Amino acid sequence: MPDHTKCLDIRDSSDFEKEYVPNSINISIGRLPYVWGKENLTPEDSVIILTNNYFKGIKAIRILRKQGFYDLYLLVGTITQFIEWSQNQQRNSEQFCNEYDWSSTHICSE
């Protein structure tokens with residue numbers, strides 16, 4: 001992934017401690033509106049939002065859009081699936097989402 005791409009895991013810290021994507025940033029959805037700037041996230045970044053709950057993911061998108069983020073990706077599924085895919089980046093994300101039955105959404109706006 002490019003340097004300006006960040007993985008944001010919005011699950012609770014207890015879930016994050018059990019299983020996480022290396023180099024990902026963990027900010028639970030309740031804290032996101034208040035601490036995103038302190039966690040090395042900038043509106044110029046591409047952000048992959050990792051969650052196991054679609055509705056929390058949509059809420060995170062709304063929060064980040066209000067802060068000026070526009071290159072947002074939402075991946076809904078298990079962290080194990082994402083880790084497996086990230087270890088084999090030769091496959092494209094569409095194949096990954098179909099193979100693992102993830103819901104993937106790219107939100108981009110001019």
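All figures in this text were calculated on a predicted structure; none of them were measured in a lab. Note that these values count all heavy atoms, side chains included, but never hydrogens, waters or copies made by symmetry.
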Results of side chain to side chain donor-acceptor pair (under 3.5 Å) for Ser13 - residues two or more places apart only: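 Ser13 satisfies side chain to side chain donor-acceptor pair (under 3.5 Å) with no other residue.
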
Would you mind writing out the side-chain donor-acceptor pairs for residues 14-22 within the sub-3.5 Å range, not counting sequence neighbours?
| unit_1 | atom_1 | unit_2 | atom_2 | d |
| --- | --- | --- | --- | --- |
| Glu19 | OE1 | Thr80 | OG1 | 3.4 |
| Glu19 | OE2 | Thr80 | OG1 | 2.2 |

Test item: [X] and [Y] side chains (from C-beta on) under 4.5 Å apart, heavy atoms:
X	Y	answer
Ile10	Ile49	yes
Val76	Asn52	no
Val47	Asp71	no
Thr5	Tyr73	no

Which side-chain N or O atoms in residues 25-33 pair as donor and acceptor under 3.5 Å with protein atoms at least two apart or in another chain?
| unit_1 | atom_1 | unit_2 | atom_2 | d |
| --- | --- | --- | --- | --- |
| Asn26 | ND2 | Asp9 | O | 3.0 |
| Asn26 | ND2 | Arg11 | O | 2.9 |

Please list all pairs meeting ring-ring contact (aromatic ring centres under 6.0 Å, His included) that have one or both residues in residues 28-48, counting only residues at least two apart or in different chains.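 ring-ring contact (aromatic ring centres under 6.0 Å, His included) check on residues 28-48 returns Trp36-Phe69.
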
Minimum heavy-atom distance Pro43-Gly68, with the two atoms named: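 Looking at all heavy atoms of both residues, the shortest contact is CB-O, 3.5 Å.
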
Taking Leu8 as the fixed residue, which of Leu50, Leu41, Thr51 is the one that meets the side chain to side chain contact (heavy atoms under 4.5 Å, CB included) rule?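 The side chain to side chain contact (heavy atoms under 4.5 Å, CB included) with Leu8 is passed solely by Leu41 among Leu50, Leu41, Thr51.
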
